Amino acid sequence: ADLAFYAEDLKKAHAAMKVMRETGFIRAHLSKDGEPEKVLFSQTPYIKEGNINSPASLARLKELGKHAQENTDVVISLGIGGSYLGNKVLFDVHCGELWNSLSNEQRGNYPRIYFSGNNIDPRRTGDIINHMKDVAQIKKTHGGQPLRIMLLVISKSGGTLDTMSNFMVMYDAFTKADNIEVEVVAVTDPNEEKPTLLKKLAIEKGWQQFAVPDGVGGRFTVFTEVGLTLAACIGFDIESFLAGARDMDKACQNDDLWQNPAMLNAALKFAASEKHGRDIEVMMPYGDYLKSVSEWYIQLLAESLGKQFNKEGKEVCYGRTPVVAVGTTDMHAQTQQHQQGKLNKVVQFIRIDKWADDLVIPNVFPEVKKLADIAGVTMGEALEVARQSNADALASNKRYSAVFGLPELTPYHLGELLYMLAMSIAYEGELADVDAFDQPGVEAYKRIMGPKLQALKG
Ligand code: PA5
């Protein structure tokens with residue numbers, strides 16, 4: 001009934017998505033002089049000459065991957081928000097927690113990976129620097145080879161304080177350190193007429209450059225060179241990832257609501273929020289290495305839909321508050337709230353149908369009935385039973401939940417999932433009539449912070 005109620009709005013939203021795909025523009029907030037807004041993320045899955053991802057750009061990424069394998073020991077990916085969260089997803093899903101402890105052979109000779117720039121935290125930055133210096137000294141005593149560090153600096157604006165402060169601290173420390181060789185790769189807005197600070201530096205110092213393309217906001221960039229440079233440095237299958245996004249894009253062109261995953265998801269979430277007051281969305285994947293998908297989605301939802309004014313300038317204060325959760329962990333923490341707290345949430349699950357290398361729980365204590373009862377079941381099966389039980393318990397108490405199922409946790413299916421979520425947010429922006437592609441609230445604090453920092457220096 002709710003979907004029928006919104007049928008006309010859905011038609012309009014779908015038509016706007018069609019225009020966005022065909023022209024690369026979407027109707028913007030009126031305050032932007034009525035000029036339509038350039039939105040190109042729906043082009044990113046298509047590898048074509050002249051597109052954001054072209055055969056030539058993919059070839060450059062392959063070269064970067066080869067270079068990382070042959071000439072780099074460590075990559076430190078520096079970025080924040082959209083210049084970090086997608087990269088962390090790719091790393092977690094592909095590499096897992098223990099990547100940096102694996103041997104070179106086990107890593108396929110790809111470098112060890114660290115993330116920085118996603119906070120201005122002196123302790124963690126100092127820890128990474130000290131650790132690198134220690135490793136360089138150990139290498140020195142074992143043959144003298146220098147530690148080869150690539151600083152992969154990612155910033156669309158090229159001047160974000162969080163990213164650039166960490167970059168400067170690390171660049172300074174590593175260029176002065178004994179037995180460390182530093183290489184910088186800059187990923188920034190490629191505009192040559194108005195070059196970003198990072199671009200200017202890259203030109204001056206001769207650093208290799210990749211692009212954060214025009215028309216793709218930070219939170220939509222995982223399918224561009226922002227995500228793909230890191231992907232190349234870990235041997236993540238870029239082509240399958242883009243193929244998944246591409247197939248999802250094709251599915252999302254379907255006019256039939258029930259065959260269009262992004263439109264259906266957006267419609268249900270919009271109805272839950274607008275008609276039933278469910279304006280908190282808990283993103284709860286089942287599986288540790290999917291937690292960063294939840295963190296990535298939180299930015300996508302919060303920055304895109306959390307808007308005070310609609311496109312006509314009317315105050316609407318729209319948006320669901322996103323919450324990061326992970327199953328089963330948060331069933332022992334947040335689930336009490338989900339099950340009995342305010343009736344204001346949608347719990348969005350992600351499940352993996354088939355885990356690679358699933359483990360059978362063995363019957364090691366046959367004399368203990370409770371433990372013997374779960375023996376013979378795989379951990380993947382137990383995880384899914386836990387998720388289903390959570391969903392059933394929520395449903396039995398008028399609580400809303402939904403599930404996205406991935407047949408397997410592969411680059412292809414990850415590409416499908418991330419793309420569907422991005423497209424769903426674009427649909428919901430149209431349904432709610434808010435500009436899903438700007439972030440005036442983030443810019444507001446940046447305007448206050450700049451002068452405050454200057455004042456610190458007297
Ligand atoms: O979604 C966004 O636009 C933001 O979260 C940015 O990604 C974030 O502020 C980082 O900006 P930049 O890439 O310019 O350093």
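From a predicted model like this one, the values you see are computed outputs, not experimental measurements. Remember, it's 1-based here, ligands and their atoms both numbered in the order they're listed. What you see below is based on every heavy atom in this structure, not just the backbone, and it leaves out hydrogens, waters and symmetry mates.
- In this structure Tyr286 satisfies the ring-ring contact (aromatic ring centres under 6.0 Å, His included) test together with Phe349, sequence neighbours excluded.
- The residues lining ligand 1, counting any heavy atom closer than 4.0 Å, are Ile80, Gly81, Gly82, Ser83, Ser155, Lys156, Ser157, Thr160, Gly218, Arg219, Gln299, Glu303, Gln439, Lys446.
- A salt bridge links Lys307 to Asp438: one of the charged nitrogens lies within less than 4.0 Å of a carboxylate oxygen.
- A search for side-chain contact (heavy atoms from CB on, under 4.5 Å) contacts involving Asp172 returns Lys176, not counting sequence neighbours.
- Note: Phe223 and Phe41 fail the aromatic proximity criterion, with ring centroids not under 6.0 Å apart.
- Residues satisfying the ring-ring contact (aromatic ring centres under 6.0 Å, His included) criterion with Phe115, sequence neighbours excluded, are Tyr84, Phe91.
- A donor-acceptor pair shorter than 3.5 Å can be found between the side chains of Glu281 and Tyr297.
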